[in-house]
2 protein chains.
Amino acid sequence: MRLSQGRETVFAVIMRTHGHFTAEDIVKACRGKASKVSRATVYRSLQELLEAGIVRVTAFGEKHNHFEHTYDERLHHHAQCVRCHGFIEFPDLDEDERYRPLLEKEGFKVLGHEMHFYGICKKCRKKG
Amino acid sequence: MRLSQGRETVFAVIMRTHGHFTAEDIVKACRGKASKVSRATVYRSLQELLEAGIVRVTAFGEKHNHFEHTYDERLHHHAQCVRCHGFIEFPDLDEDERYRPLLEKEGFKVLGHEMHFYGICKKCRKKG
DNA sequence: CTATATATGAGACAGTGTATCAATTAGCAA
DNA sequence: TTGCTAATTGATACACTGTCTCATATATAG
């Protein structure tokens, strides 16, 4: 794999981005730069980072994906509202060690994991 | 909420569907029937079932959603390949009880949960 | 420097899910 | 049963995400 210009720019932009972000967020951020990175390159690079375990997908049930870094953050999970799609975060209590051996025995190379609780958030419950 | 024709048909079709399915699967299945249910109604009903906790979302990182029933199946989770998006299922070891109180304390009404491991599947590892 | 395989950009494209709005219908009350 | 009313529907147009193609550009090896 070459350390090409486009790839380098995308990587840099993503590393500068904190919290959750979508693919389009990165596309826009790259447009701001003089670097000129196309949408296709952003999606390609994002896929590479996904495969490398540098970013992970965090949202369900929406049209577009949300990503976040896997590094430099305390491991946490998400509880998502099935109405408004908003979410709250909560800390990990370490299930990894219980499941990982089971999966690796089946030839699955684990890059990471996430718990996803779904339900109705406080705000939507009030709305009725 | 009314027990309208469209809603009833969609519910029936979904209950007859086993395993994983997409919204479009249901749209097609409803077309087969003489019932004539529009795409809009299918999506609306699916959202209602989601909110009721009857179905849940199970796939990440794809353009369209996958759903499955939450009832009548042993609780299981998914390990998904970041390359081919295929997945394997594995049983639940019951983290629910550890996390649920934490979330309900914050006003979040839990409908269910799922663990999502991501990584590279056996087949994709062989491909290089 | 040159060759060559890899990566890129631009745009066309397909598919998913959303919004609109007039027409229809379920449920209720008399 | 009939009529009222608000909820629901279908048809369609629409926005947006992510994919694909292919000619052009570029990183790297030799």
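Naming: A, B, ... by sequence-line order, numbering from 1 per chain.
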message = Going by side-chain contact (heavy atoms from CB on, under 4.5 Å), B:L50 matches just one of B:V55, B:N65, B:L111. Which one?
response = B:V55
task = Map B:R7 and B:H85 onto DNA chain D by nearest heavy atom, then report which one ends up closer to the 5' terminus.
result = B:R7
task = Measure from the side-chain N and O atoms of B:Y118 to the backbone N and O of A:E114, and report whether any donor-acceptor pair falls under 3.5 Å.
result = no
ask   = Do you know which two heavy atoms are closest between B:G119 and A:F108, and how far apart they sit?
value = N-CZ, 3.4 Å
ask   = Going by number, which of residues 20-27 of chain B have a non-hydrogen atom under 4.0 Å from DNA chain C?
value = B:A23, B:E24
ask   = Taking the nucleotide of DNA chain C with the closest heavy atom to each, which residue, A:R39 or A:K36, is nearer the 5' end?
value = A:K36
task = Measure from the ring center of B:H66 to the ring center of B:H85 and say whether it is less than 6.0 Å.
result = no
request  = Return the value, rounded to whole Å, for the distance between atom CD of A:E48 and atom P of C:dT6.
outcome  = 13 Å
key: A:K122 with B:E106: basic N within carboxylate O range, under 4.0 Å   = no
task = Report the relative orientation of the aromatic rings in A:F117 and A:F90; use parallel for angles under 30°, tilted for 30 to 60°, perpendicular for over 60°.
result = perpendicular
task = Write down the distance between CZ (A:R83) and P (C:dT18), rounded to a whole number of angstrom.
result = 16 Å
query = Does a salt bridge link B:E104 with B:K109, judged by any charged N lying under 4.0 Å from a carboxylate O?
reply = no
message = Counting Watson-Crick and G-U wobble pairs with both distances under 3.5 Å, what is the dot-bracket string for DNA chain D, 5' to 3', using [ ] for crossing pairs and | for pairs to another strand?
response = ||||||||||||||||||||||||||||||
For nucleotides 19-25 of chain C, list the nitrogen or oxygen atoms of the protein found under 3.5 Å from its nitrogen or oxygen atoms, one pair per line.
unit_1: C:dT25; atom_1: O2; unit_2: B:R2; atom_2: NH1; d: 3.2

ask   = Using a heavy-atom cut-off of 4.0 Å to chain A, what are the terminal contacting nucleotides of DNA chain D, in 5' to 3' order?
value = D:dT17 to D:dT28
remark   = Nearest heavy-atom approach of B:C30 to B:V42 is SG-CG2, 4.3 Å
query = Hey, any chance B:M115 and A:V57 share a hydrophobic cluster, counting ILVMFWY side chains that come within less than 4.5 Å of each other, even indirectly?
reply = no
remark   = Residues passing the ring-ring contact (aromatic ring centres under 6.0 Å, His included) test with B:H20, sequence neighbours excluded, are B:H78, B:F87
task = May I ask you to decide if the ring planes of B:H77 and B:H113 are parallel, tilted or perpendicular, using 30° and 60° as cut-offs?
result = tilted
remark   = So side-chain hydrogen bond (donor to acceptor under 3.5 Å, both in side chains) across residues 39-51 of chain B, not counting sequence neighbours, yields A:R83-B:E51, B:R7-B:E48, B:E24-B:R39, B:E24-B:Y43, B:S38-B:T41, B:Q47-B:E51
task = Nearest whole angstrom, please: distance from the P of C:dT16 to the CG of A:N65.
result = 15 Å
query = Which of these, B:T70, B:D92, B:D96, sits in a side-chain contact (heavy atoms from CB on, under 4.5 Å) with B:L75?
reply = B:D92
